[in-house]
Protein chains: 2
Amino acid sequence: MAKPDVFNVDCPSQGILQLIGSKWSMLVLCALRTGPRRTGELKRRLDGVSAKMLTQTLRELERHGIVEREDFAEVPPRVEYRLSALGRSLASLVVEIEQWVTTHYTRMTGSVRRYDAA
Amino acid sequence: MAKPDVFNVDCPSQGILQLIGSKWSMLVLCALRTGPRRTGELKRRLDGVSAKMLTQTLRELERHGIVEREDFAEVPPRVEYRLSALGRSLASLVVEIEQWVTTHYTRMTGSVRRYDAA
């Protein structure tokens, strides 16, 4: 198999990069880093996410082997999501991006203000 | 100022996370890591990007102080983009994500195949 090339629009690896970089994927990865979460907990943690978008994000992450879904087959339904080993290795990188944003936030908003005023 | 919270949909830091995570932003950051690039070079490197999307991505990254734009005021026009110091610190994290995708690509496409066949 040819080496994956994220710069090639025809290589599925570019789609994977897009999935991982999506805001909701990154927030799910950060949220699951401290342990398994039920769907409702994730919905509350990811303030503003629609049920549809959350379901779709979790499904794609599960499909790629990044998160694992466990259905406890209880009534009322209890479904939990957790990071796979693969997902944990990714989450540690994504958390660095999240922390980078938090650390440099003031500098970036200052830059935006100056840019917009120019 | 309150601490930025990427989980809060009303905090501009979530928009910054979204900007950084966009496929084209990540590819621009990877492409600029080896040095300044002219607009046309970036257009060719980011196979499949539209001129409009590339311009918009570069403008937002410049606006946030992540890339710097230099117009050499030549005829024909010569415009170069480079990473700022801030951008270099971000690019080193983004490159790790890109390398993670490449490293685990086969495993993820295998997972997708199994998921879709189930």
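All chains are named by letter (A, B, ...) in the order of the sequence lines, taking the proteins before the strands, and each is independently numbered beginning at 1.
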Could you tell me which portion of [X] (side chain, backbone, both or neither) has an atom closer than 4.5 angstrom to a non-hydrogen atom of chain B?
X	value
A:Ser25	neither
A:Ala118	neither
A:Arg107	side chain
A:Ile66	side chain
A:Val94	both

Expected output: side-chain A:Thr102 to main-chain B:Pro4 donor-acceptor under 3.5 Å
no
Using modelled atom types and a 3.5 Å cut-off, is there a donor and acceptor pairing between side-chain atoms of B:Asp47 and backbone atoms of A:Asn8?
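Looks like no, no N/O pair under 3.5 Å.
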Select, from A:Leu46, A:Leu19, A:Asp116, A:Val49, the one with the greatest count of heavy-atom pairs under 4.5 Å involving chain B.
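Maximum pair count with chain B is reached by A:Asp116.
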Give a yes or no on whether [X] and [Y] share a hydrophobic cluster (residues Ile, Leu, Val, Met, Phe, Trp, Tyr; joining criterion: side-chain heavy atoms under 4.5 Å apart).
X	Y	answer
B:Tyr81	A:Val112	no
B:Val95	B:Val28	no
A:Val9	B:Leu54	no

Check step by step if side-chain contact (heavy atoms from CB on, under 4.5 Å) holds for B:Leu86 and A:Trp100.
CA-CA 10 Å; B:Leu86 187 67; A:Trp100 186 92; 3.7 Å; yes
Could you have a look at [options] and say which one has the most heavy-atom pairs with chain A under 4.5 angstrom?
options	value
B:Ser22, B:Ser13, B:Ala31, B:Gly65	B:Ser13
B:Ile20, B:Leu90, B:Asp5	B:Leu90
B:Gly48, B:Pro12, B:Gly15, B:Cys11	B:Pro12

Taking all heavy atoms of B:Cys30 and all of A:Phe7, pick out the closest pair and write down the distance.
CB-CZ, 3.8 Å
Taking all non-hydrogen atoms of both residues, which atom of A:His64 and which atom of B:Ser111 are closest, and how far apart?
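For A:His64 versus B:Ser111, the nearest heavy atoms are C-OG, 3.4 Å.
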Any chance you could measure B:Glu98, atom CD, to A:Leu17, atom CG, to the nearest 0.5 Å?
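Going from CD on B:Glu98 over to CG on A:Leu17, the span is 7.5 Å.
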Which distance, rounded to the nearest 0.5 Å, do you find between the CE of A:Met108 and the CZ of B:Arg63?
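CZ of B:Arg63 is found 12.5 Å from CE of A:Met108.
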Are the side chains of [X] and [Y] in touch, meaning some heavy atoms are under 4.5 Å apart?
X	Y	result
B:Val6	A:Lys23	no
A:Leu27	B:Gln14	yes
B:Tyr115	A:Arg59	yes

